[in-house]
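For reference, the structure is listed below as structure tokens.
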Amino acid sequence: MNWRLLLGGMAVWALHFFALYGIGSIWHSSMTARLLTGLMTLLCLAGEGWLITRIWRQRGDHVDAWMRHLSLTLVALASLAIFWQAFPALLS
């Protein structure tokens, strides 16, 4: 298990956060902003899904199993945060 997989979910969430901040700063509340928000959210959630499959396939000793469970928890938390950030923009 490497650190990129351990922190990958949080990195994707940070990318999503800053991308939505930039989209909101440039296009405000236009239809373009909503479409880009939806597209960015889908891309980031797809990235989180890819991370889940990579982490799920990892094998190793008990320390690796602990890091695998921690990584899956962080990816789940980051996925929830991504959805939570995009939800208001997609509702309006």
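Below, all heavy atoms of this structure are taken into account, side chains as well, without hydrogens, waters or symmetry copies.
A heavy-atom distance below 4.5 Å is not found between the side chains of Arg59 and Asp64. Residues Asn2 and Leu6 are not in side-chain contact: their nearest non-hydrogen atoms beyond the backbone lie 4.5 Å or more apart. With contacts defined as side-chain heavy-atom distances shorter than 4.5 Å, the pair Ile52/Ile55 does not qualify. Inter-residue side-chain proximity for His16 and Leu45 is flagged as unmet; no heavy-atom pair is nearer than 4.5 Å. In this structure, Leu72 and Trp56 have side chains that are in contact, with non-hydrogen atoms separated by less than 4.5 Å. At least one side-chain heavy atom of Met10 sits under 4.5 Å from a side-chain heavy atom of Leu77.
In terms of heavy-atom proximity, Gly9 sits nearest to Ala78 at O-CB, 3.2 Å. The two atoms that bring Cys44 and Val12 nearest to each other are O-CG1, 3.6 Å, heavy atoms only. For the pair Thr37 and Ala86, the tightest heavy-atom approach, listed with the atom from each and the gap, is CG2-CB, 4.1 Å.
Linking Ile, Leu, Val, Met, Phe, Trp and Tyr whenever their side-chain heavy atoms come within less than 4.5 Å leaves Phe83 and Leu42 in two separate clusters. Residues Ile82 and Leu51 are members of one and the same hydrophobic cluster, defined by side-chain heavy-atom contacts under 4.5 angstrom among Ile, Leu, Val, Met, Phe, Trp and Tyr. One hydrophobic cluster, built from ILVMFWY side chains closer than 4.5 Å, holds both Trp27 and Leu20. Under a hydrophobic-cluster definition in which Ile, Leu, Val, Met, Phe, Trp and Tyr are linked whenever side-chain heavy atoms come within less than 4.5 Å, directly or via other members, Phe18 and Ile26 are assigned to different clusters. Tracing side-chain contacts under 4.5 Å through hydrophobic residues (I, L, V, M, F, W, Y), one never reaches Trp13 starting from Met40; they form parts of separate clusters.
Of the inter-residue distances, the one linking Ile23 atom CD1 with Arg34 atom CZ reads 13.0 Å to the nearest 0.5 angstrom.
In this structure, Arg54 contributes its side chain and Leu5 its backbone to no donor-acceptor pair below 3.5 Å.
In this pair, Phe17 and Tyr21 present their aromatic rings parallel. The plane angle is below 30°, not in the 30 to 60° band.
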